[in-house]
Each structure stands twice: as C-alpha cells, then as structure tokens.
Amino acid sequence: MKLTPAKIVMVSLFVGLLVIVSYARRDMQLNVDLLRDSLMNMPALIMENIQLARTVSGDIWRVKVPYLDREGDTVRMRSLDIRRQISGDKGEWYFFGKDGLYSHDKKNATVTGILGTLETDTRTLNLESSRVNWQEGIDSLVFPEGLTIFDDELMLKTPLASIDKSGVILLEQGGVIQWVKPLER
C-alpha cells in the first residue's frame with residue numbers, strides 16, 4: 001500500500017481528532033474537588049478576575065475577586081465582592097471586603113474592611129465591620145472586632161456579633177442602639 005500525501009493528511013487528521021476527543025472526554029469528567037486539590041499542590045499561583053458561583057442550601061453565593069495569590073495552603077485576596085441570593089426571593093446579602101485570607105488546611109477565611117447590605121422584603125440594613133470570620137461547616141459569620149448595623153432609623157453597635165444563615169444576629173457581648181429617626185409627634 002502506497003502512502004500518498006492525501007492519505008497521510010487523512011491519517012494525521014484522524015489521529016488528531018482522536019487526541020482532541022480523548023482530551024475533551026477527560027475534561028468533561030473533571031472533578032471540581034480534584035481540580036481544587038491539584039491547584040493547592042502547585043508551588044505558587046496568581047490569578048486575576050476570578051468569579052465563582054455556588055448553590056448552598058438553595059441560596060446562590062457569587063464571589064468576585066480581582067486579584068488572588070496562593071502560596072502553600074494560604075490564599076490571599078484583594079477587593080472581594082460577595083453576594084448571596086436567598087432562595088424563595090427572601091432577599092439578598094452583599095459584602096464588600098478590602099482583603100481576604102483563606103486557609104485550605106483549616107478550611108476558614110477572614111475578610112477585613114467589610115461593608116455590606118442585608119436586604120429583606122421588609123427592610124434594608126447596612127453593616128460595617130473591620131473583620132469577619134468564616135469557618136467551613138459552621139452556619140454563621142463571626143464579627144470578632146465588632147459590628148455596626150444601621151439604616152435611616154437606627155444604628156446598632158456591638159463589640160462582638162455573629163449572623164447565622166437565616167439572618168439572626170447574635171450580640172454576644174450586648175450592644176448599643178441609637179435611634180436616628182426622630183419620633184413622630
């Protein structure tokens with residue numbers, strides 16, 4: 001059998017197509033946890049303009065991070081934008097953070113310079129805090145350096161607080177409420 005240039009091209013195209021199909025099958029079967037573990041085993045990594053979306057207990061969490069660098073098990077982030085769409089159209093939470101730190105080994109994160117909004121169907125509250133902590137497996141956000149919540153009617157300040165996933169705010173060391181809106185006469 002004589003190999004003509006046309007047959008060589010056809011065989012090359014067929015082999016190339018088989019290689020592409022095998023890579024596509026492997027990519028379609030990619031396990032996200034395996035990918036995360038593989039990324040954590042790389043010596044160092046810098047990523048820009050990351051956007052993630054994940055559904056947790058029916059709520060959609062979206063995270064945007066313009067800059068992220070990882071070294072070892074630690075991931076450092078700048079300028080985080082976190083949004084939670086609560087299932088059943090029960091509101092949204094927005095958090096904007098200056099810096100973030102995530103530990104893969106400890107499965108926890110700390111975000112500093114927090115500004116946020118908690119929207120429900122009846123009220124919108126703004127919040128500020130210098131730091132918030134999150135731990136995987138725990139259904140609350142902890143504000144260990146205090147939390148200020150305010151709207152056009154009131155301002156609440158507390159030295160230590162947590163917010164559970166349903167929106168209940170626990171004032172662990174009490175707090176001070178200041179009525180901003182004057183009482184109607």
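Values reported hereafter were calculated over all heavy atoms of this structure, with side chains retained and with hydrogens, waters and symmetry mates removed.
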(request) Determine whether W134 and I50 fall in the same hydrophobic cluster, where Ile, Leu, Val, Met, Phe, Trp and Tyr are linked whenever their side-chain heavy atoms lie under 4.5 Å apart. (result) yes
(request) Find the distance between CE (M77) and OG1 (T112) and round it off to the nearest 0.5 Å. (result) 10.0 Å
(request) Walk me through it: do L127 and I114 pass the test side chain to side chain contact (heavy atoms under 4.5 Å, CB included)? (result) CA-CA 8 Å; L127 65 85; I114 297 293; 3.7 Å; yes
(message) According to side chain to side chain contact (heavy atoms under 4.5 Å, CB included), who are the partners of P159, at least two apart in sequence or on a separate chain?
(response) Q173
(message) Contact between E48 and P66 at the side-chain level, heavy atoms closer than 4.5 Å - yes or no?
(response) no
(request) Would you check, one step at a time, whether the test side chain to side chain contact (heavy atoms under 4.5 Å, CB included) holds for S79 with K98? (result) CA-CA 5 Å; S79 186; K98 180 181 172 191; over 6 Å; no
(request) May I ask whether L52 and I60 are part of the same hydrophobic cluster, defined by side-chain heavy atoms of I, L, V, M, F, W, Y residues being less than 4.5 angstrom apart, directly or through others? (result) no
(request) With R78 as the cation and Y67 as the aromatic partner, state whether NZ or CZ is under 6.0 Å from the six-membered ring centre and within 45° of the axis. (result) yes
(request) List for me each residue that meets side chain to side chain contact (heavy atoms under 4.5 Å, CB included) alongside V56, sequence neighbours excluded, and say none if there are none. (result) R54, W61
(message) Under 4.0 Å between a side-chain nitrogen and a carboxylate oxygen: does that hold for E92 and R83?
(response) yes
(message) Under the side chain to side chain contact (heavy atoms under 4.5 Å, CB included) test against I163, which residue among V168, D139, L118 passes?
(response) L118
Check: residues 145-152 side-chain donor-acceptor pairs under 3.5 Å, at least two apart:
unit_1 : atom_1 : unit_2 : atom_2 : d
E145   : OE1    : S130   : OG     : 2.7
E145   : OE2    : R131   : NE     : 3.2
D151   : OD1    : E153   : N      : 2.8
D151   : OD1    : L154   : N      : 3.0
D151   : OD2    : R123   : NE     : 2.7
D151   : OD2    : R123   : NH2    : 2.7

(request) Look at the side chain of Q51 and the backbone N and O of R62, then say whether any donor-acceptor pair between them is shorter than 3.5 Å. (result) no
(message) To check you understand the geometry: which heavy-atom pair defines the closest contact between G174 and T158, and what is its length?
(response) O-OG1, 2.5 Å
(request) Please report the closest heavy-atom contact between S162 and F143, naming both atoms and the distance. (result) CA-CD1, 4.5 Å
(message) Side-chain heavy atoms nearer than 4.5 Å, only ILVMFWY residues, links allowed to pass through others: does that put V75 and I46 together?
(response) no
(message) Nearest 0.5 angstrom please: S57 OG to I86 CD1, how far?
(response) 12.0 Å
(request) Let me know which of N133, V132, D99 forms a side chain to side chain contact (heavy atoms under 4.5 Å, CB included) with T110. (result) N133
(message) In terms of relative ring orientation, are W93 and F95 parallel, tilted or perpendicular, with 30° and 60° separating the classes?
(response) perpendicular
(request) Assess whether atom CG of D105 is packed by more than 12 heavy atoms of other residues, nucleotides or ligands within 6.0 Å. (result) yes
(request) Kindly compute the distance separating CG (L115) from CD (E128), expressed to the nearest 0.5 Å. (result) 5.5 Å
(message) How long is the straight-line distance from CD1 of I138 back to NZ of K165, given to the nearest 0.5 Å?
(response) 13.0 Å
(request) Find out if a path of hydrophobic residues (ILVMFWY) with successive side-chain heavy-atom gaps under 4.5 Å connects Y102 to M47. (result) yes
(request) Would you tell me whether S166 and D164 have side-chain atoms, one donor and one acceptor, within less than 3.5 Å of each other? (result) yes
(request) May I ask you to test the T74-L101 pair for a side-chain heavy-atom distance under 4.5 Å? (result) yes
(request) Please report the closest heavy-atom contact between G58 and S87, naming both atoms and the distance. (result) O-CB, 3.2 Å
(message) Test of understanding: clusters of I, L, V, M, F, W, Y form through side-chain heavy atoms closer than 4.5 Å, transitively. Do F96 and L125 belong to the same one?
(response) no
(message) With heavy-atom distances below 4.5 Å as the criterion, would you say the side chains of R84 and Y94 are in contact?
(response) no
(message) Checking the side chain of Q135 only, and the main-chain atoms of K107 only, is there a donor and an acceptor separated by less than 3.5 Å?
(response) yes
(request) Measure across D73 and S103 and return the closest heavy-atom pair with its distance rounded to 0.1 Å. (result) OD2-OG, 3.2 Å
